[in-house]
Amino acid sequence: MRFIENIKITKENQDDFANISVVFGYIDIQKGVNFTASFLTKVECVYIQEEAIFTAPLLEEIVGFVDIQKGAIFATPVLRRIKGYVYIQEKALFNAALLSAIFGSIIICENATFAALSLQKCGSVNLCLGATYITPVLTEVLDDIYIEDEATFIAPVLDKVKGVIIVQKRATLNATNLVDFFLKVGYDILKGCSAIAEGKFPNGIYLNLTEREKEYLKMLNPLVNTNRVSLSLWEQSDNWKKVKTNQIRKECSIYSVSEWLHIFELNENEGITLEEIGKTVAPNLDFFIYESNENIKKAIDTFLCFDKNNMKNSLEKVALYKGKLNYLI
């Protein structure tokens, strides 16, 4: 039985849909319903309301998202791939023993359980306040990792993250291979005993930085600490197409991160645009696009293991940069 539209499963109609095999819309399991789709192999999206139970023993692929509300259960023993996001709310359970890839985000709330021991790749990971997620064979995260207060993420073989890692206070990220990777990037904050021995990340913001981006962070550090950075947008401004460092005046020395990078880069690359800086010169700093100065400062401090000596050295670095920023200090 095939359906090309969305289906709402209720206690009254669940027997009518027991033989469905493919659904080209979404399946919405209403609150408190216990529904088994014994022949279902493919569905667009799955939405399971509070305290509902959905069992799909032959389901192999979900084209869109999975949303499991508070206290609900979703059991899919042969599911292999989800192209959208997975959202598991408080006290919900998602059991998918053979699931190997999620191309969207994984969002896990407090006391939720995601039993996907075969998962190897996913989009982003967001662990909400107090959540716990242990994934023994996950090796690649295609976007960001965000771990909120008192949440725990354990991924012993994870060795590749393309986006930003944010570990809030009292949060735990245990990923030994990632510690090794970010030590090579230059995060000396990870040289503590717990990081080396146990693979634990101190709270902070971690970026996959190139050598040029590391220099940018060092030069941005004194500017952030002396309130020289205002907005944090990669905005395009015609006024900045031809601006050179020696044209800047002390009375107007507060700019966005993107504009500062533009200034730094124009010393070596005449005529480069803000878009080119964001896409090619400093792609890993796109985290700063919509971030507050507080988070920009935290990202810089995490990399620099911020202390007074680093502040002094960074000020000197900016002052000496091409001999053109002395008047900013």
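Please read all numbers here as calculations on a predicted model, not as lab measurements.
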Any donor-acceptor pair under 3.5 Å from T135 side chain to A155 backbone: no
Heavy-atom closest pair, residues L138 and K121: CD1-N, 3.6 Å
All pairs passing ring-ring contact (aromatic ring centres under 6.0 Å, His included) where residues 145-175 contributes a residue, at least two apart: Y133-F153
Salt bridge present between E61 and R81 (N-O < 4.0 angstrom): yes
Straight-line distance of I300 CD1 to I205 CD1, nearest 0.5 Å: 10.0 Å
Between CG on residue L142 and OG on residue S124, distance to nearest 0.5 Å: 9.0 Å
Beyond-backbone contact of I62 with V86, side-chain heavy atoms, under 4.5 angstrom: no
Salt bridge (charged side-chain N to carboxylate O under 4.0 Å, His left out) between E215 and R212, worked out: CA-CA 5 Å; E215 290 301 311; R212 186 186 294 266; over 6 Å; no
Validation row: V141, C122 side chains within 4.5 angstrom (heavy atoms): yes
Smallest separation among heavy atoms of T302 and Y187, with atom names: O-CD2, 3.7 Å
CD1-CG distance between I296 and N221, expressed to the nearest 0.5 angstrom: 12.0 Å
Non-neighbouring partners of K214 that pass side-chain hydrogen bond (donor to acceptor under 3.5 Å, both in side chains), sequence neighbours left out: E211
Test side-chain hydrogen bond (donor to acceptor under 3.5 Å, both in side chains) applied to N13 - qualifying residues, sequence neighbours left out: T10
For G130 against E110, the heavy-atom pair lying closest together: O-CG, 3.9 Å
Please set out all donor-acceptor pairs under 3.5 angstrom arising from side-chain atoms of residues 31-51, sequence neighbours excluded.
residue : atom : partner : partner atom : Å
T41     : OG1  : S21     : O            : 3.3
Y47     : OH   : Q69     : NE2          : 2.5
Q49     : NE2  : D28     : OD1          : 3.2

Which atom of D149 lies closest to which atom of R170, heavy atoms considered: OD2-NH2, 3.2 Å
Working for side chain to side chain contact (heavy atoms under 4.5 Å, CB included), residues E213 and N208: CA-CA 9 Å; E213 288 166 341; N208 185 359; over 6 Å; no
same_hphob_cluster(V63, V66) at 4.5 Å side-chain heavy-atom cutoff: no
Mutual orientation of the aromatic rings belonging to F54 and F74 [parallel < 30°, tilted 30-60°, perpendicular > 60°]: parallel
same_hphob_cluster(L207, L183) at 4.5 Å side-chain heavy-atom cutoff: yes
L93: partners by side-chain contact (heavy atoms from CB on, under 4.5 Å), with sequence neighbours left out: I73, T113
Test log, rule side chain to side chain contact (heavy atoms under 4.5 Å, CB included), inputs F94 and L79: CA-CA 11 Å; F94 185 12; L79 181 66; 3.9 Å; yes
Note, P156 side chain near N174 side chain (heavy atom, < 4.5 Å): no
Residues forming a side-chain contact (heavy atoms from CB on, under 4.5 Å) with K184, sequence neighbours excluded: none
Close side-chain approach of Y206 and L178, heavy atoms under 4.5 Å: no
L58 reachable from I20 in the ILVMFWY side-chain graph, under 4.5 Å edges: no
Donor-acceptor contact present, side-chain E148 to main-chain L129, <3.5 Å: yes
Candidate pair Y216 and L209, rule side chain to side chain contact (heavy atoms under 4.5 Å, CB included), full reasoning: CA-CA 10 Å; Y216 283 153; L209 300 167; over 6 Å; no
Full working for side chain to side chain contact (heavy atoms under 4.5 Å, CB included) between F17 and I27: CA-CA 11 Å; F17 296 104; I27 291 182; over 6 Å; no
Side chain to side chain, I147 and T172, heavy atoms closer than 4.5 Å: no
Atom of P77, atom of A56 and distance for their closest heavy-atom approach: CD-O, 3.8 Å
Those residues that, when tested against K91, pass side-chain contact (heavy atoms from CB on, under 4.5 Å) (two or more places apart): N111
Spatial distance of atom CD1 (I108) from atom OG1 (T152) [nearest 0.5 Å]: 11.5 Å
Connected hydrophobic set around V78, excluding itself, where side chains approach under 4.5 Å: L98
Residues in side-chain contact (heavy atoms from CB on, under 4.5 Å) contact with A75, at least two apart in sequence or another chain: T55
Nonpolar side-chain network containing L117, other nodes, edges under 4.5 Å: none
S118 (side chain) donor-acceptor with L99 (main chain) under 3.5 angstrom: no
Spacing of CG belonging to D159 relative to OG1 belonging to T176, to within rounding of 0.5 Å: 11.5 Å
Shared hydrophobic cluster, F181 / F201 (ILVMFWY, side-chain heavy atoms < 4.5 Å): yes
Close side-chain approach of I106 to L119, heavy-atom, < 4.5 Å: yes
Single-linkage hydrophobic cluster Y26~V23, side-chain heavy atoms < 4.5 angstrom: no
Residue pair N203 / K298, side-chain heavy-atom distance below 4.5 Å: yes
Short side-chain to backbone donor-acceptor contact, N6 and G25, under 3.5 Å: no
Residue pair A92 / I68: nearest heavy atoms and the distance that separates them: CB-CG2, 3.7 Å
Euclidean distance, K162 NZ relative to D143 CG, rounded to 0.5 Å: 10.0 Å
ILVMFWY clustering at 4.5 Å (side-chain atoms), partners of I154: I134
Side-chain cluster (under 4.5 Å, hydrophobic types only) that Y85 belongs to, other residues: F65, Y87, I107
